[in-house]
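Not measured: the values here are computed from a predicted model. The chains referred to below are lettered A, B, ... by the order of the sequence lines, with proteins before strands, and numbering in each begins at 1. What you see below is based on every heavy atom in this structure, not just the backbone, and it leaves out hydrogens, waters and symmetry mates.
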There are 2 protein chains.
Amino acid sequence: MALGKDYAAQECSIARALEVVGERWTLLVVRDALYGVRRYNDFLVRLGIPRAVLAARLQTLISAGVLEKRRYQDSPPRDEYLVTARGRSLWPVVRALGAWGNDTFDDTLPLRTFHHAACGAELGAHGECPGCGAFVPVEDVEMRPGPGLDQDPADPVSRALLGPHRLLEPVDAGTGALPAPAG
Amino acid sequence: MALGKDYAAQECSIARALEVVGERWTLLVVRDALYGVRRYNDFLVRLGIPRAVLAARLQTLISAGVLEKRRYQDSPPRDEYLVTARGRSLWPVVRALGAWGNDTFDDTLPLRTFHHAACGAELGAHGECPGCGAFVPVEDVEMRPGPGLDQDPADPVSRALLGPHRLLEPVDAGTGALPAPAG
DNA sequence: ATCGTTGGTTCGTCCATTGAACTTACGGCG
DNA sequence: CGCCGTAAGTTCAATGGACGAACCAACGAT
């Protein structure tokens, strides 16, 4: 991002964090990565982001150690982007931001809810499990569609995210169909 | 911010939150507001932000209900910017981002620490008080300088923030001197 | 040989940020 | 009274980044 020219934003860990994740689109890329999106094209269609910008953001996130590029197929060569431990530790940020957005624009129904996968309880206001009281790490979170969510999104990736989904588990956008196709 | 052209970033509370606080500088303005900065010029010198951008961001934050403009003097007319309840509820976001930045760039000493004002205990990894276990709201947080902090910053606002400081309490930048001047 | 898919790069246009200069409203000083 | 200083902006030229369309490359399928 570079505030001022390069790093004029004094000594502050918030400013340094924003140098990495404060650019346009970056936190949405991280959000989708935490949701389980892993492929270039899947990010592309779900975000509607310009290709050049996506490539630049992925590169920045890799340099920052938030994502990791891994070859999952040799012929043709295909890579996927995985969330590192450092990226997973951005979950509190993403979750807090989403919670604030949900509280702030409360004119609409909740779009998604997050639950402790172990017990199914919906997470509290600060990301903790109401049962055990402890903060739930991203790998133990299950995302469920809320009443306000569009039931028929245009892109296959969003369609694959319509059902309940364990975070970080890869999203299967291969089938454009619903999990249990009726037709 | 307007992703895409206006609001192409589908239905997602994170995207909507970023429409408000995702623009360059905005979260740093919110951070300083939570720290107790209230005046246009104080934001200006502490952030090193262009005047036009600061004016635009303050306006955006007021429109979003995060800040509130209040006249504190009539002659000459002077206004200050106060954090609303909605702005205070951004504390989890700001705190989580700072915590991530601190963990990520751990090559340096911590710059500031946050404590539960009631008991003095340093906040846990998720903003909770280790004693009572509950999340500490921003009005009950005390900020203390850490070992990595520059002891002689250039601008008077940062100087006023050198000592322990209850969040949201107004920063007195009127005196450029230290709390207990030796000279 | 051609088409489609995936994962990019390049390029022209346009908008936002930047930093400097200018403006307004007032208080204080001599 | 004229001049200076401060707080809070607005205006403006130059620049940099985002946008979107087009192009490129490697490969599988037909």
Visitor: How many Å lie between CZ on Arg38(B) and C1' on dA7(D), as a whole number?
Guide: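 Spelled out: CZ on Arg38(B) to C1' on dA7(D) is 17 Å.
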Visitor: Starting at atom CD of Glu23(A), determine the distance to atom C1' of dG17(D), rounded to an integer number of angstrom.
Guide: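 So the two atoms are 9 Å apart, to the nearest Å.
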Visitor: Arg24(B) side chain N/O closer than 4.0 Å to the phosphate oxygens (OP1, OP2) of dG17(D)?
Guide: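 It does not, given that no N or O in the side chain of Arg24(B) lies less than 4.0 Å from OP1 or OP2 of dG17(D).
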Visitor: Check this for me, if you would: do Glu80(A) and Arg78(A) make a salt bridge, where the nitrogen-to-carboxylate-oxygen distance has to be below 4.0 angstrom?
Guide: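 The answer is no: the pair does not qualify as a salt bridge.
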Visitor: So, for Phe114(B) and Trp91(B), is the gap between ring centers shorter than 6.0 Å?
Guide: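 Yes, the ring centres sit under 6.0 Å apart.
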Visitor: Is it the case that Tyr72(A) and Arg38(A) place a side-chain donor and acceptor less than 3.5 Å from each other?
Guide: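 There is no such pair (donor and acceptor under 3.5 Å, judged by atom type) between the side chains of Tyr72(A) and Arg38(A).
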Visitor: Output the rounded distance in Å from CG (Asp155(B)) to P (dT6(D)).
Guide: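 Going from Asp155(B) (CG) to dT6(D) (P), I get 16 Å.
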Visitor: Could you tell me how far apart Gln59(B) (CD) and dT10(D) (C1') are, to the nearest whole angstrom?
Guide: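 Checked: the CD to C1' distance equals 14 Å.
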Visitor: Provide, to the nearest angstrom, the distance between the CG atom belonging to Leu58(A) and the C1' atom belonging to dT6(C).
Guide: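 Between C1' of dT6(C) and CG of Leu58(A): 14 Å.
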Visitor: Using modelled atom types and a 3.5 Å cut-off, is there a donor and acceptor pairing between side-chain atoms of Gln59(A) and backbone atoms of Arg57(A)?
Guide: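 Absent.
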Visitor: Using atom types as modelled and distance alone, determine if a side-chain donor or acceptor of Thr26(B) lies under 3.5 Å from a backbone N or O of Gly22(B).
Guide: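 Side chain of Thr26(B) to backbone of Gly22(B), a donor-acceptor pair under 3.5 Å: no, none is there.
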Visitor: Can you measure Arg39(A) atom CZ to dG8(C) atom P for me and round it to whole angstrom units?
Guide: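 After rounding, the gap between these two atoms is 12 Å.
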Visitor: Examine the side chains of Arg70(A) and Tyr81(A) and answer whether a donor and an acceptor come within less than 3.5 Å of each other.
Guide: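 No pair is found: no donor N or O on one side chain lies under 3.5 Å from an acceptor on the other.
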Visitor: Measure the distance from CG on Asp42(B) to P on dA8(D) and round it to the nearest whole Å.
Guide: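 Atom CG in Asp42(B) sits about 8 Å away from atom P in dA8(D).
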Visitor: Measure from NZ on Lys69(A) to P on dG7(C) and round the result to the nearest Å.
Guide: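 From Lys69(A) NZ to dG7(C) P: 10 Å.
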Visitor: At under 4.0 Å between heavy atoms, what does Tyr81(A) touch on the DNA or RNA strands: base, sugar-phosphate, or nothing?
Guide: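 Sugar-phosphate, backbone atoms only, no base.
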Visitor: Among dT18(C), dA8(D), dT9(C), which is the nearest nucleotide to the side chain of Ala52(B)?
Guide: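 Output: dT18(C).
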Visitor: Under a 3.5 Å threshold, yes or no: a donor from one side chain and an acceptor from the other, between Ser158(B) and Arg46(B)?
Guide: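 Yes, Arg46(B) and Ser158(B) have a side-chain donor paired with an acceptor closer than 3.5 Å.
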Visitor: Quick test: give all pairs of protein nitrogen or oxygen and nucleotides 26-29 of chain D nitrogen or oxygen below 3.5 Å, distance rounded to 0.1 Å.
Guide:
| from | atom 1 | to | atom 2 | distance (Å) |
| --- | --- | --- | --- | --- |
| dC27(D) | O3' | Ser75(A) | OG | 3.1 |
| dG28(D) | OP1 | Ser75(A) | OG | 2.8 |

Visitor: Under 3.5 Å, is there an N or O donor on one side and an acceptor on the other linking the side chain of Arg51(A) and the base of dA21(D)?
Guide: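 Under the 3.5 Å cut-off, the side chain and the base do not form any donor-acceptor pair.
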